[in-house]
Amino acid sequence: MTSRGPGKRVRKAPAERRHEIVAAAAQVGLVEGLECITLRRVADELGVRPGLVGHYFPAADALVAEAFTAATMADLDTLLPERPDGSGDHSGDGSARAVLRRFFTLMSSTEFDNVSRLWLNARHLSRYRPGLREHVVAQELLWCTRIEKAITAGTGSGDFVCADPRGAAVRILVAIDGASAYINTSAEQRGAPITHLARTVAEAELGLGAGALESAGGTS
């Protein structure tokens, strides 16, 4: 990528500038990997001096951790949005079955391959970066809770049969991560057993027949 240079500095409110830095770092992490997030790389992306980025994030590891959270949180809100009241009650947005059907359809598309790579990347680096590990654990719990709420809503409405929504959510999340483990080595060879692993596990966990959470037109 060609450097744009520092250019003329534009004064922005601290909160706005900080958000801009994290957003740029998140994009670098998604496309190139978390190891590529450096103060200089993000500064180049924004066309500012590295010292400005360093003013908000003296340690690059802190920026890496926040960039990971920003990227994965944005994807979670796209894949499985929560109601503004935080109740997890999806009845106003369609049936719980429809909510999870949309979730698994999006998850199995190539559009979300980069976030699968990001999770794999973050879990590896977490072994050496305690700050990042804290963010990864927090996001794991948040993703699990969001899935659990959808299951709980569906169980209450009669869409699902599930005696342990939390346990089911954990097993579904593990299936998602298990399939994602192949993202860097077997993307071209991924077939239905891998691509639809999480959906298949979810259907079994929720007392549904095979294909019950598959989109009407199927998924690639």
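The shown structure was predicted, so the numbers you read here are calculated from the model rather than taken from an experiment. Along the sequence shown, residues carry numbers from 1.
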Novice: Looking at residues at least two apart in the chain, or sitting in another chain, which of them share a side chain to side chain donor-acceptor pair (under 3.5 Å) with Asn121?
Specialist: Glu35
Novice: CZ of Arg41 to CG of Leu39: how many Å apart, nearest 0.5 Å?
Specialist: 12.5 Å
Novice: Side chains of Ile172 and Ile176: closer than 4.5 Å at any heavy-atom pair?
Specialist: yes
Novice: Answer yes if Leu106 and Leu76 sit in the same cluster of Ile, Leu, Val, Met, Phe, Trp and Tyr residues linked by side chain heavy atoms under 4.5 Å apart, and no otherwise.
Specialist: yes
Novice: Tell me, please, which residues at least two apart from Val161 pass side chain to side chain contact (heavy atoms under 4.5 Å, CB included).
Specialist: none
Novice: If you measure from CG on Leu120 to CD1 on Ile183, what distance do you get to the nearest 0.5 Å?
Specialist: 9.0 Å
Novice: Any side-chain heavy atom of Asp77 within less than 4.5 Å of one from Arg146?
Specialist: yes
Novice: Would you please test Glu32 and Gln27 for side-chain contact (heavy atoms from CB on, under 4.5 Å) and show each step?
Specialist: CA-CA 8 Å; Glu32 303 173 27; Gln27 187 60 26; over 6 Å; no
Novice: Can Asp75 and Asn114 be said to form a side-chain contact (heavy atoms from CB on, under 4.5 Å), step by step?
Specialist: CA-CA 10 Å; Asp75 277 289; Asn114 277 345; over 6 Å; no
Novice: With sequence neighbours left out, what residues match His124 under ring-ring contact (aromatic ring centres under 6.0 Å, His included)?
Specialist: Tyr128
Novice: State, with a plain yes or no, whether a side-chain heavy atom of Glu214 is found less than 4.5 Å away from one of Arg199.
Specialist: yes
Novice: Could you give me the CA-CA distance, side-chain angles and deciding distance for Phe160 and Leu100, then say whether side-chain contact (heavy atoms from CB on, under 4.5 Å) is met?
Specialist: CA-CA 11 Å; Phe160 310 138; Leu100 288 188; 3.7 Å; yes
Novice: Heavy atoms only: give me the nearest Thr152-Pro165 pair and the separation to one decimal.
Specialist: OG1-CB, 3.5 Å
Novice: State, yes or no, whether a side-chain contact exists between Val42 and Ile21 at a heavy-atom distance under 4.5 Å.
Specialist: yes
Novice: Check for me, please, whether Val136 and Val170 land in the same ILVMFWY cluster - side-chain distances under 4.5 Å, paths through other members count.
Specialist: no
Novice: Residues in side chain to side chain contact (heavy atoms under 4.5 Å, CB included) with Ala71, at least two apart?
Specialist: Ala26, Leu30, Leu118
Novice: For Glu20, which residues count as a salt bridge (Lys or Arg N to Asp or Glu O under 4.0 Å) partner, sequence neighbours excluded?
Specialist: Lys12, Arg17
Novice: By salt bridge (Lys or Arg N to Asp or Glu O under 4.0 Å), which residues pair with Arg102, not counting sequence neighbours?
Specialist: none
Novice: Rounded to the nearest 0.5 Å, what's the gap from CD on Glu148 to SG on Cys162? Could you check?
Specialist: 9.5 Å
Novice: For the residue pair Ala65 and Gly131, what are the closest heavy atoms and their distance?
Specialist: CB-O, 4.0 Å
Novice: Just jot down the ring-ring contact (aromatic ring centres under 6.0 Å, His included) partners of Trp143, sequence neighbours excluded, or say none.
Specialist: Trp119
Novice: Find out whether Thr155 and Leu206 are in side-chain contact, i.e. whether some heavy atom of one side chain is under 4.5 Å from a heavy atom of the other.
Specialist: no
Novice: Taking side chain as C-beta onward, heavy atoms only, is Arg129 less than 4.5 Å from Arg133?
Specialist: no
Novice: Might you point out which heavy atoms bring Ala198 and Ala175 nearest each other, and give the distance in Å?
Specialist: CA-CB, 3.8 Å
Novice: Flag the pair Thr195 / Tyr182 as yes when at least one side-chain heavy-atom distance between them is below 4.5 Å, and no otherwise.
Specialist: no
Novice: Applying the side-chain contact (heavy atoms from CB on, under 4.5 Å) test to Leu197, which of Thr200, Ile194, Val201 qualifies?
Specialist: Val201
Novice: Quick check for you: to the nearest 0.5 Å, what is the distance between Leu132 atom CG and Ser126 atom OG?
Specialist: 4.0 Å
Novice: Just to verify, what does Phe103 make a ring-ring contact (aromatic ring centres under 6.0 Å, His included) with, not counting sequence neighbours?
Specialist: none
Novice: Mind checking side chain to side chain contact (heavy atoms under 4.5 Å, CB included) for Ser157 and listing every partner two or more places apart, or none if nothing turns up?
Specialist: Asp159
Novice: Quick one: list whatever passes salt bridge (Lys or Arg N to Asp or Glu O under 4.0 Å) with Glu140, sequence neighbours left out.
Specialist: Arg123
Novice: With a cut-off of 6.0 Å (strictly less than), are more than 12 heavy atoms of other residues, nucleotides or ligands near CZ of Arg166?
Specialist: yes
Novice: For the CG atom of Asp113 and the CG atom of Asn184, what is their distance to the nearest 0.5 Å?
Specialist: 9.5 Å
Novice: Whether the side chain of Glu203 engages the backbone of Gly211 through a donor-acceptor N/O pair (distance < 3.5 Å, no angle test) should be reported.
Specialist: yes
Novice: Within the structure provided, determine whether Leu63 and Val53 are in side-chain contact (heavy-atom separation under 4.5 Å).
Specialist: yes
Novice: Apply side chain to side chain contact (heavy atoms under 4.5 Å, CB included) to Glu66 and list each qualifying residue two or more places apart in sequence or on a separate chain.
Specialist: Arg18, Val22, Phe57, His135
Novice: For Asp164, which residues count as a salt bridge (Lys or Arg N to Asp or Glu O under 4.0 Å) partner, sequence neighbours excluded?
Specialist: none
